[in-house]
Enquirer: 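Would you mind keeping the following structure in view while I ask a few things?
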2 protein chains.
Amino acid sequence: MVTLAEVAQHAGVSASTVSYVLSGKRSISTTTRQRVEQSIRELGYHPNAGARALASSRSNIIALMIPLRTDMYVPVMMEIAIAVATTARLHGYDVLLLTGEEGPDAVRRVTGSGLADAMILMDVELEDERLPLLRQTDQPSVLIGLPATTSGLTCVDLDFGATGALCVEHLAKLGHRDIAVIGEAPAVYERHTGFAERTLDGLRSRARELGLRVLHRPCEGGYDAMTVTLARIFDERPGTTGFVVQNESAVEPLLALLRQQGRAVPEDVSVVAICPDQVAVQASVRLTSVAIPAQEMGRYAVEHLVAKLDGRGGDDVVLIAPELTVRASTGPAPAGS
Amino acid sequence: MVTLAEVAQHAGVSASTVSYVLSGKRSISTTTRQRVEQSIRELGYHPNAGARALASSRSNIIALMIPLRTDMYVPVMMEIAIAVATTARLHGYDVLLLTGEEGPDAVRRVTGSGLADAMILMDVELEDERLPLLRQTDQPSVLIGLPATTSGLTCVDLDFGATGALCVEHLAKLGHRDIAVIGEAPAVYERHTGFAERTLDGLRSRARELGLRVLHRPCEGGYDAMTVTLARIFDERPGTTGFVVQNESAVEPLLALLRQQGRAVPEDVSVVAICPDQVAVQASVRLTSVAIPAQEMGRYAVEHLVAKLDGRGGDDVVLIAPELTVRASTGPAPAGS
DNA sequence: ATTCGCTGTCGAAGCGCTTCGACAGACTAT
DNA sequence: ATAGTCTGTCGAAGCGCTTCGACAGCGAAT
């Protein structure tokens, strides 16, 4: 293992000079710099991460806490994780992967040990146990998601309220009057993750303004659950022609069942989904959808943290404006309805 | 930030004693141990990761290199990542998330800087550029996947050869004679990731022994590609009654198209998939499938590394035996065929 | 010619921990 | 009673780096 001292000796300078070449924190003459850089290359030197962290009290690592559950939003989480890792590298940071399993203890461990300089938390609940710890520590953090109170915190999320409103507006514009919302599994509402409620609130209040009727049904994914849910919906509101789906594992079952019942999409029934673009494009009908901006959230989170670690920027709640992409699953409401 | 020295002072012992309490590397009297542990709790002490890494040349971190691509096997990769993170924590390790983007440089960086004690590599190609580096370094590593030559390496993977054979055996036992294999996208074969070829080889040679006919067609996911592929298959082999699908994004399109063409599953046509259980269960027909043992691979990789870091165990190639779960998509071949 | 302020370099201290050798004291075996 | 063996604890060295203050050398300003 090559050390700073060896590089220094090889280049005929002192260790501190090499360090300054590396960090750029003091000016170094061009000739010296080149000589040092040459030595670094020749010897294949890599600074020791531990020593660096100890001396500078900076680990150049960002911790990313992902939910343990793999039953929901897997592609979204993956996309966020990859965006975080990629963006972090761009700024010279590495990413430590934590699972939600450890809960608040993980936060304590990371802040206490100096393992990471900052944290990104996903799957934030309204009254998340980790929040008090984040507020106490002076280590920067970003939440992906929105808790009940955000004072002293930095958050980024899709504006789910606006998303709900946007979906219903689109359907209204096409002449649909009776809207059904296929929501997340009941467990999601019980866990108080917030985004599902926010979507619903935004959707309902816009629907009220536009004079639409809304029926909301939580739904586990899969064919069996969807069969029951759909039957109930058409029972209660036979005139339903617009669907908003927020559960990606309900999308394909819904389409299959509608087909099976002889209801054509989009001629008889329109469907808007809130899901990653990939799901929308790969479905059996290309879905009009509002995408979940996973990449953008991941990138924003890292960039905010980097800025904060550099002494720039403050707390901040960013709600990303939803964008609705029209594809093949929505069309004018049928004349007879 | 609380340091070892402060704990030592608080407990009225020397710093080294506290260190030995923490590591258990020397015997400590019960009374002293308890006093120290008490102080640790009272002060909320967490050892500084950097200092520890520097002094012990052990970071207690395992690096996990995941592919950057999010177009394939996302749930599998996520499951592996989570299994790795969870298992690692169980053994006192944390996980550093690297993307494949950096390629061999990432390997150099990690081994050179002592950022991690060991690495797990996913998405291994037959002639992977990272392999020479792994062979050089004395840092333990595990590949998830199988390169062309495995000498001096540790690998774990599903036994895709046996998987192919198992699928074809199952169909043969049910009386199917004409089998079509829906493979991965052509790009996968060109990238030489190996598993697709191995599946095919195993499948073909078992089919030959059993006297079955096999037609193999690579296939991009999605409905349009599947439509073309399926048409060609029934064109060339109208008597095809058994399908083996290795591309999870082709599964649902295939089922939909078969339904649409009036071919009932499993009465007219049987389908075996090679995919995560979750996909198999959530499909519109519950699929007979061979699962990809993501958790098991992740866990094995970590446990092997931990053993190696503790000075136990050596190089080793582990191929996990496939298990076929019979669900609702396979049945006896139709009488007339 | 003297002073001043740069620029570029060096030496040394110290970050918080692990680990090695030393050793006091309590036992056991002779 | 003596030597030998443990057990439990301590002090000190050092891991490889960053960073602070010091300072030599130089050109610009007086």
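What's counted below: heavy atoms across the whole structure, side chains too, no hydrogens, waters or symmetry copies. Small disclaimer: the values here were computed from a predicted structure and weren't measured.
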Enquirer: Over how many whole Å does the gap from B:Ile40 atom CD1 to C:dC17 atom C1' extend?
Expert: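 Nearest whole value for this atom pair: 13 Å.
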
Enquirer: From CG of A:Leu115 over to P of C:dC17, roughly how many Å is that when rounded to an integer?
Expert: 13 Å

Enquirer: Looking at every non-hydrogen atom in both residues, tell me the closest pair between B:Asp117 and B:Asn60 and how far apart they are.
Expert: OD2-N, 2.7 Å

Enquirer: Classify the nucleic acid contact of B:Thr3 as base, sugar-phosphate or nothing, counting any heavy atom under 4.0 Å across all strands shown.
Expert: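 Here B:Thr3 touches the backbone only, sparing every base.
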
Enquirer: Nearest whole angstrom, please: distance from the C1' of D:dG16 to the CG of A:Leu54.
Expert: 9 Å

Enquirer: Is any side-chain N or O of A:Lys25 closer than 4.0 Å to OP1 or OP2 of D:dT19?
Expert: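 Indeed, a polar side-chain atom of A:Lys25 lies that close.
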
Enquirer: Give the nucleotide from the list D:dC15, D:dT18, C:dT19 with an atom nearest to the side chain of B:Ala55.
Expert: D:dC15

Enquirer: Hey, is A:Glu102 close enough to B:Arg89 for a salt bridge, meaning N to O under 4.0 Å?
Expert: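 Counted as a salt bridge, because a side-chain N and a carboxylate O are separated by less than 4.0 Å.
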
Enquirer: What is the distance from NE2 of A:His46 to P of D:dG16, rounded to the nearest Å?
Expert: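 Checked: the NE2 to P distance equals 16 Å.
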
Enquirer: How many angstroms lie between atom CG of B:Leu305 and atom CG of B:Asp310, to the nearest 0.5 angstrom?
Expert: 11.0 Å

Enquirer: Take nucleotides 4-12 of chain C nucleotide by nucleotide from the 5' end and write B, S or -, depending on whether a protein heavy atom sits under 4.0 Å from the base, only from the sugar-phosphate, or from neither.
Expert: ---SSBBB-

Enquirer: What's the CG-C1' distance between B:Asn48 and D:dC15, to the nearest Å?
Expert: 13 Å

Enquirer: Within this structure, what is the CZ-to-C1' distance between B:Arg58 and D:dG16, rounded to whole angstrom?
Expert: 18 Å

Enquirer: Run the side chain to side chain donor-acceptor pair (under 3.5 Å) check on B:Arg41 and B:Gln38 step by step: do they pass?
Expert: CA-CA 5 Å; B:Arg41 246 173 291 123; B:Gln38 176 69 19; 3.2 Å; yes

Enquirer: Please give, in whole Å, the distance from C:dT19 P to B:Leu22 CG?
Expert: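 Spelled out: CG on B:Leu22 to P on C:dT19 is 12 Å.
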
Enquirer: When rounded to the nearest 0.5 angstrom, what is the spacing between CG in B:Asp138 and OG1 in B:Thr111?
Expert: 9.0 Å

Enquirer: Working to the nearest 0.5 Å, report the span between CG of A:Leu4 and OH of A:Tyr45.
Expert: 3.5 Å

